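None of these values were measured; they are calculated from a predicted model. In what follows, every heavy atom counts, from backbone to side chain, and hydrogens, waters and symmetry copies are set aside.
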Amino acid sequence: MTGESAIDAAQAFLGTVNTREAAATFWLVAFAAFVVFHRSTRPSAVGVLKALAKPVLLAPLAIAALYAGAEIWALQRFGLWSATNLKTTILWLATFAFVTMFEVANAKERPASLGKITRDVVSVTAVLVFITGLHTFPLIVELIAFPLVTLIALTGE
């Protein structure tokens, strides 16, 4: 990929970001900054990063990422994937691919069948894709609503 095509791809991607996604990014970055820079939470953040760096977690993620990368490369070569699909691809990877890898890895410990695991993950992915495609509000409304909706969702179950 040349420098100009990388810039074009970045511009195409940024053109697909709506105000809800901008608000979510803002709050996630703010939360991460708080955790990293606040002395009382820093040791916990380091512990979480160490736990995430374990081979038992990294191996399935690496396999899924390599598989997705190969698929994206092949689809792009045939003209079936472009940078405008990046947001949907990332959403799919975070909800379906990576979650499925962990669910399948834990399937022998739980009596759930592969069909049930797939149905559960697909339903979560479908809901998430539907919600992200709904009407978005101006950025200030999304910045206020995002933490409120997150709080309500986290206390719901």
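The two atoms that bring V35 and A45 nearest to each other are CG1-CB, 3.4 Å, heavy atoms only. Here the closest heavy-atom approach between residue L139 and residue A22 is recorded as CD1-CB, 4.0 Å.
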Show me the donor-acceptor pairs within less than 3.5 Å that the side chains of residues 65-73 make with the rest of the protein, sequence neighbours left out.
residue : atom : partner : partner atom : Å
Y67     : OH   : E71     : OE2          : 3.4

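Counting only residues at least two apart or on different chains, no side-chain hydrogen bond (donor to acceptor under 3.5 Å, both in side chains) pair has a member in residues 45-61. Residue pairs meeting the salt bridge (Lys or Arg N to Asp or Glu O under 4.0 Å) criterion with at least one member in residues 135-155, sequence neighbours excluded, are R20-E142.
F34 is linked by a ring-ring contact (aromatic ring centres under 6.0 Å, His included) to H38, counting only residues two or more places apart in sequence or in another chain. Remark: V48 engages L52 in a side-chain contact (heavy atoms from CB on, under 4.5 Å) (not counting sequence neighbours). Checked against side-chain contact (heavy atoms from CB on, under 4.5 Å), S44 has no partners two or more places apart in sequence or in another chain. Looking at residues two or more places apart in sequence or on another chain, you find a side-chain hydrogen bond (donor to acceptor under 3.5 Å, both in side chains) between T89 and W81.
With a 4.5 Å cut-off between side-chain heavy atoms of Ile, Leu, Val, Met, Phe, Trp and Tyr, the cluster of V36 takes in F37. F137 belongs to a hydrophobic cluster whose remaining members, ordered by chain and number, are I140, V141, I144, L148; membership requires side-chain heavy atoms of ILVMFWY residues under 4.5 Å apart, directly or through intermediates.
Cluster membership check: L75 shares its hydrophobic cluster with F78, using side-chain heavy-atom separations under 4.5 Å among Ile, Leu, Val, Met, Phe, Trp and Tyr. Connection of L80 to I90 is established within a shared hydrophobic cluster, with ILVMFWY side chains joined at heavy-atom distances below 4.5 Å, either directly or through further cluster members.
Between the OG1 atom in T19 and the CZ atom in F146 there is a gap of 12.0 Å [rounded to 0.5 Å].
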